[in-house]
Amino acid sequence: MKYNFKGIEAKWQEHWAKHKTFKAKNDSEKEKFYVLDMFPYPSGSGLHVGHPLGYIASDIYARYKRHKGFNVLHPMGYDSFGLPAEQYAIQTGQHPAITTETNIKRYREQLDKLGFSFDWSREVRTSDPRYYKWTQWIFIQLFNSWYNIDADKAEDIVDLIASFEKDGNTNVNASCDEDTPEFSASDWAAFSSKEKQEILLKYRLTYLADAEVNWCPALGTVLANDEIVNGVSERGGHPVIRKKMTQWSMRITAYAQRLLDGLKKIDWPQPLKDSQTNWIGRSEGASVKFKVQASTLDSALHPESETGKGENCIEVFTTRPDTIFGTSFMTLAPEHELVSKITTSAQKAEVEAYVEATAKRSERDRMADVKSITGAFTGAFAEHPFTKEPIPVWIGDYVLAGYGTGAVMSVPCGDQRDYDFAKHFGIPIPNIFENVDISEEAFADKEKTIIANSDFLNGLSYTKATKKIIAELEKIGAGKGKVNYRLRDAVFSRQRYWGEPFPVYYDTEGIPQTIGEKYLPLELPEVEKYLPTETGEPPLGNATHWAWNIETNNVVGNNLIDHKTVFPLELNTMPGWAGSSQYFNRYMDPLNGDAIFSQETINYWQDVDLYIGGSEHATGHLLYSRFWQKFMFDKGLVPVDEYAKKLINQGMITGTSAFVFREEGTGNVISKGLVKDKKVIPIHADVSLVNSSDELDIEAFKKWQLEYTDAQFILEEGKYIVGREVEKMSKSKYNVVNPDEICEEYGADSLRLYEMFLGPLEQSKPWNTAGITGVHSFLKKLWRLYHSGAEATFSVSDIEPSKENLKTLHKTIKKVEEDIENFSFNTSVSTFMICVNELSAQKCTSRKILGPLAILISPYAPHIAEELWQGLGHTETISHASFPKFEEHYLVESSKEYPISFNGKMRFTLELPLDMGKEDIEKSVMAHEKTQHQLQGRTPKKVIVVPGKIVNIVG
RNA sequence: GCUCGAGUGGUGGAAUUGGUAGACACGUUGGACUUAAAAUCCAAUGGCCAUUAUGGCCGUGCGGGUUCAAGUCCCGCCUCGAGUACCA
């Protein structure tokens, strides 16, 4: 029988599904192992060969761990809420649920063909109400929590209320909004219920706040910073503007330090950790308050500030408080709230013009134009906290409203941007560094800093001066040491239809209230149109049945809203990362309707042992999900505060695009070799029209692009040769290769092996279908090893294996095991090839070799392995067979082919016994005729002998 | 600019702590089998020089260095890729 991969693969895929071979038990005596893939968004275009790369790697690992006796959890699901389905719905009126269902079906078919060992009984879909019930549930837990900095964890909001009642908020050390007022217990008691709720919102871990957001008018939605690329939306490329809106936010900043610290205990790729570290952006320094000098203000314009009561203060954050005596001006962001208050009437026109000009400039302009220096003087002066000297206050768009306090103390001698600004506007640049020339540029080297001209800081190093100045600032009440983070709270509202509804309604006073947990899920309502409403409300504003009755606890018609028992529901939905922030835990107990997961289950599975996915999620999903995990840990819901011990980023598989060359003017299509210096326009040709020798099927090409029907094709040697270039695999570049076609022609086992054989998992590499014949003929060779005779019938013998056979086998076991443990899957494929080549040459037929070999290969090529295993007489699946045990003694050699080198260059090899001593080796080598030939009569200066390794003769 | 990663044959790539550079494949060339093709098998394949077998020289982005020995370690560059961007 020939190697009939189609029959074999279909047979075993059916077998695995029918026997639930890969179902993981939640109670097992075995040690657990959790292998997770980043679940896909089921897009309309299906999978291309780049998508399964990570899934194949994780599947090999999962199968390997089963052979090693672990209880393996290896689930798969779908991140099925998202914009493309909604866009499609807007265009066609088709409900996103239907599109999503169709796409999922297609994904499932494609995945099934690849022979993955997923436990499909645990499938989750983020858009399934049985799943998003728990996404909403976590939202409610966040809403009912606040962050206690003293305890360094999230705590119940009820406890916070209790301490407000007792002592007000003066002793509460919490992560809360900047503008939270101080109040006493009696103040609290006197607050109205509305006021109390508003205060509490400033503490909740998810809260409603006016936020400056990136509004995309074309999409009718707000985008996160990481969804904007070059100032336009990542999807669709529409323009984005800044706008203030009331939005739900997640207080992720409360966890900034713990998110940073947690990175130390997880085995994730360093580049990924680095980008999270940069994203969080911790910097140490001081916050300093500068009084605005009242005398400089324009009393006519600012009567209140003149009274001295509401004294204006500019608060800055600086990482170099040691340079405070070098401050020669202050700079505020143009958006800073103080700008309008302190500007003098003389400067008013100029300042207002500048503020208006910067507001008009798009983010894009501001970003593109880093070099030009602009700003305006407000006319106001601040007072230096130590020298009491007046400091002019400027505004400039190089200071960002969104970072720190939106104001800086400008020290031109120590900061290049301040330096450039000062030079441009002719502001003095006092030098406060000892023996440093600042005539050309600022001096920012902390290590070499010695402070001068700075009163009590003179002669101190950066470290000492910083310590001292912070102490002094605290003494005079003008500032304190502070740690600042770049990380912002995450906006959590989306003006979209196809996302999780917030379990929130608005009460009589417009205060958000969560619905009772036991009434979850709050299911998405039906709408006529998926676009924002005419009044600019999110798509849920189109729903007619979207109000909450607090007596019956269900959704009712909007016409019943009376603000007494029936209230309007939230119209925003949650962002894409909501559902993906908890799925890895839900897989452990996906059908549980009473709890997000049972405590027994989470305590058994604990966390993910291996997580494989793309690096593009470094600062999105992978940061938010860590935040939620830490929150759940604080609430005692999960046993560990980092959910993935090890993470690997698979590299991208790029496509190899093909081009034809159309000559300008003539319109002729010229073969690559004839282009030379002719003026040509390269045009993408579909890669399926090109064979492995880069030759184009001209007739097929003409049929594909009708405009070329009559074009003249200029050939070389009777062929049209296309140009090739490596690009991202994408539909628009016509270089997409579909895994279904590969499976059809070569089989899933070949595809699995080939994807691994391409190169290291983490590296990006180009796809070239031609190479797959190598692994495919390897599988055929493997098949022949177990079959013989003219009919190629299955035949193995019971004869004892030879020493050689055993050596080949154990060498392979050792290498493959090491490779899998090191995620070096490409090298184990070549190891298999070497093994099969050797066993074929040895004419090995021994069951004692071929049995273990089938298990070794089974993680990589599971279908053929099952078939061979069955041929060997086994009735049980190979999936749980134990991995062959490596035995060192089969590899022990008695001799070694020593490389004999002269001055470091290998000239010949010499076989010598391994137990031969240094001196004897040297004697044998020196006596050898080739040695004499090499030396040509010279006497060597030195002979290096490393027993078991090498001999090097110097001289 | 900063951070990270990577440069090895025509191509993908291999080389455990410094110890035989180019494993394993693809491609190419030649051969066997065949009426023919496919499939399969065998051989050669880093470059240059020499050739009667034996040989010689050069070679892991570039320039230095350490070492008996460097793709691997150190110093200084170059190029490409990814991320990030006026972060005070």
Side-chain angles (χ1 to χ4, degrees), chain A residues 2 226 269-275 277-279 281-283 285 316-321 323 331 333 366-367 369-371 373 396-400 402-411 414-418 420-421 444 484-487 615-616 618-619 649 651-652 656 692-694 724 753-754 757-760 762-775 777-778 780-781 784 815 818 822 824 826-835 837 897-909 930 933 940-946 948-955:
Chain A
K2 265 179 61 183
D226 43 319
Q270 196 55 42
L272 197 153
K273 287 188 183 182
D274 289 345
S275 72
T277 305
N278 292 339
W279 193 262
R282 179 186 208 269
S283 44
V316 303
F317 172 74
T318 175
T319 53
R320 295 296 304 273
T323 63
T331 317
R366 269 169 87 164
M367 255 170 16
D369 188 17
V370 176
K371 292 271 150 9
I373 297 161
D397 69 359
Y398 81 96
V399 177
L400 305 174
Y403 181 76
T405 59
V408 300
M409 59 174 223
S410 301
V411 183
D415 182 285
Q416 195 57 42
R417 288 156 309 174
D418 295 345
D420 294 341
F421 194 88
N484 199 47
Y485 299 93
R486 196 187 79 117
L487 184 72
S615 56
E616 67 272 21
T619 51
N649 291 131
M652 190 172 53
T656 314
S692 56
S693 321
D694 292 349
R724 290 286 202 176
L753 280 173
Y754 188 51
F757 189 60
L758 279 178
E762 302 190 63
Q763 205 169 293
S764 107
K765 53 232 158 201
W767 177 268
N768 178 8
T769 303
I772 200 171
T773 53
V775 292
S777 50
F778 156 74
K780 286 195 236 178
K781 262 189 226 169
R784 278 203 300 278
K815 179 83 171 108
E818 281 169 1
N822 293 318
S824 173
N826 54 325
T827 48
S828 33
V829 179
S830 21
T831 303
F832 289 136
M833 290 175 171
I834 294 167
C835 173
N837 286 345
E897 283 259 320
Y898 276 94
I900 312 300
S901 43
F902 293 79
N903 296 318
K905 283 172 192 149
M906 204 279 290
R907 294 302 174 188
F908 63 91
T909 59
K930 284 187 177 171
H933 175 81
K941 286 196 193 107
K942 207 172 175 185
V943 178
I944 311 278
V945 177
V946 185
K949 281 243 160 105
I950 200 167
V951 177
N952 190 16
I953 297 159
V954 187

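Below, read A as the first sequence line, B as the second, and so on, with proteins coming before strands; counting in each chain starts at 1.
Atom pair A:Met906:CE and B:rG55:P shows a separation of 11 Å (rounding to whole Å applied). Remark: P of B:rA53 and CZ of A:Phe908 are 21 Å apart, rounded to the nearest angstrom. Put simply, CE on A:Met652 is 17 Å from P on B:rA6, counting in whole angstrom units. What separates OH of A:Tyr754 from C1' of B:rG12 is a distance of 7 Å, to the nearest Å. Across the protein-nucleic acid pair, A:Lys273 atom NZ and B:rG5 atom P stand 13 Å apart, rounded to whole Å. Atom CZ in A:Arg724 sits about 13 Å away from atom P in B:rG27, given to the nearest Å. Atom NZ in A:Lys905 sits about 15 Å away from atom C1' in B:rG55, given to the nearest Å. If you take CZ of A:Phe757 and P of B:rA23, they are 11 Å apart, rounded to a whole angstrom.
A gap of 15 Å separates the C1' atoms of B:rC80 and B:rC62, to the nearest Å. Separating the P atom of B:rC57 from that of B:rC75 is a span of 32 Å, rounded to the nearest Å. Look at the P atom in both B:rA21 and B:rG71: the space between them is 9 Å, to the nearest Å. Between B:rA43 and B:rC33, the two C1' atoms lie 15 Å apart (nearest whole Å). Between B:rU8 and B:rA70, the distance separating the two C1' atoms is 14 Å to the nearest Å. If you take atom P in B:rG59 and the same atom in B:rG65, they sit 14 Å apart, rounded to whole Å. Distance noted for atom C1' between B:rA38 and B:rC49: 42 Å (whole Å). Comparing B:rG7 with B:rG12, their P atoms sit 12 Å apart, to the nearest whole Å.
Remark: A:Gln763 is in phosphate contact with B:rG13, judged by side-chain N or O atoms under 4.0 Å from OP1 or OP2. Between B:rA14 and A:Asn826, a contact under 4.0 Å exists linking OP1 or OP2 to a side-chain N or O. Within the structure, every side-chain polar atom (N or O) of A:Lys941 is placed at least 4.0 Å from both OP1 and OP2 of B:rC68. Listed pair A:Arg417 / B:rG1 fails the phosphate criterion, with no side-chain N or O lying under 4.0 Å from OP1 or OP2. At least one side-chain nitrogen or oxygen of A:Arg784 sits closer than 4.0 Å to the OP1 or OP2 atom of B:rC41. For A:Asn837, a side-chain nitrogen or oxygen approaches OP1 or OP2 of B:rA25 to under 4.0 Å.
Between B:rC86, B:rC4, B:rG83, one nucleotide has an atom nearer to the side chain of A:Ser275 than all others, and that is B:rG83. The side chain of A:Met833 approaches B:rC24 more closely than any other nucleotide in the set B:rC57, B:rA88, B:rC24. Among the nucleotides B:rA14, B:rA88, B:rG56, the one closest to the side chain of A:Arg907 is B:rG56. With distances taken from any side-chain atom of A:Tyr398 to the nucleotides B:rA14, B:rC86, B:rU3, the minimum falls on B:rC86. Side-chain proximity of A:Ser777 to B:rU40, B:rC87, B:rA23: nearest is B:rU40. The side chain of A:Pro760 lies closest to B:rA14 when the candidates are B:rG12, B:rC87, B:rA14.
Taking the syn range as angles within 90° of 0, the glycosidic angle of B:rG9 is syn.
Within the 4.5 Å cutoff, the side chain of A:Ile900 has no heavy atoms near those of the A:Arg907 side chain. Counting heavy atoms from C-beta outward, A:Tyr398 and A:Ile373 have side chains that stay 4.5 Å or more apart. The shortest distance between side-chain heavy atoms of A:Asn903 and A:Val954 falls below 4.5 Å. In this structure the side chain of A:Val945 never reaches within 4.5 angstrom of the side chain of A:Tyr898, judged on heavy atoms. Considering only heavy atoms from C-beta on, A:Met833 comes within 4.5 Å of A:Val775 through its side chain.
Taking every heavy atom of both residues into account, A:Met409 and A:Asp418 meet most closely at O-OD2, 4.0 Å. For A:Tyr754 against A:Asn768, the heavy-atom pair with the smallest separation is OH-O, 2.6 Å. For the pair A:Val408 and A:Val316, the tightest heavy-atom approach, listed with the atom from each and the gap, is C-CG1, 3.7 Å. Between A:Val399 and A:Gly406, the shortest heavy-atom contact is CG1-O, 3.5 Å.
Between A:Gly404 and A:Thr909, it is A:Thr909 whose nearest contact on RNA chain B lies nearer the 5' terminus. When each of A:Ser283 and A:Ile944 is assigned the nucleotide of RNA chain B with its nearest heavy atom, A:Ile944 is the one assigned upstream, toward the 5' end.
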Next item on the list: Taking Watson-Crick and G-U wobble pairs with both distances under 3.5 Å, convert RNA chain B into its dot-bracket string, 5' to 3', dots for unpaired and | for cross-strand pairs.
Entry: (((((((..(((......[....)))((((((.......))))))((((.....))))..(((((..]....))))))))))))....
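Residue contacts shown for A:Asn952 include a base, since a base heavy atom lies under 4.0 Å away. Within the nucleic acid shown, A:Val954 comes within 4.0 Å of sugar-phosphate atoms alone, with no base atom in reach, counting heavy atoms only. A:Thr319 comes within 4.0 angstrom of sugar-phosphate atoms only, judged by non-hydrogen atoms across all strands, and of no base. Residue contacts for A:Arg282: at a heavy-atom cut-off of 4.0 Å it reaches no nucleic acid atom on any strand shown. Among the heavy atoms of the strands, none lies under 4.0 Å from A:Thr277. As judged by a 4.0 angstrom heavy-atom cut-off over every strand, A:Thr773 is placed among residues touching the sugar-phosphate backbone only. Within the 4.0 angstrom heavy-atom criterion, only backbone atoms of the sugar-phosphate kind lie near A:Lys765; the bases stay farther away. Residue-level contact check: A:Glu818 touches the bases, meaning some heavy atom is under 4.0 Å from a base atom.
Side-chain contact, A:Thr331 with A:Ser410: a donor N or O sits under 3.5 Å from an acceptor N or O.
Formation of a donor-acceptor pair under 3.5 Å by the A:Asn952 side chain with backbone atoms of A:Gly904 is found in this model.
Side-chain N/O atoms of A:Lys781 and base N/O atoms of B:rU40 include no donor-acceptor pair closer than 3.5 Å.
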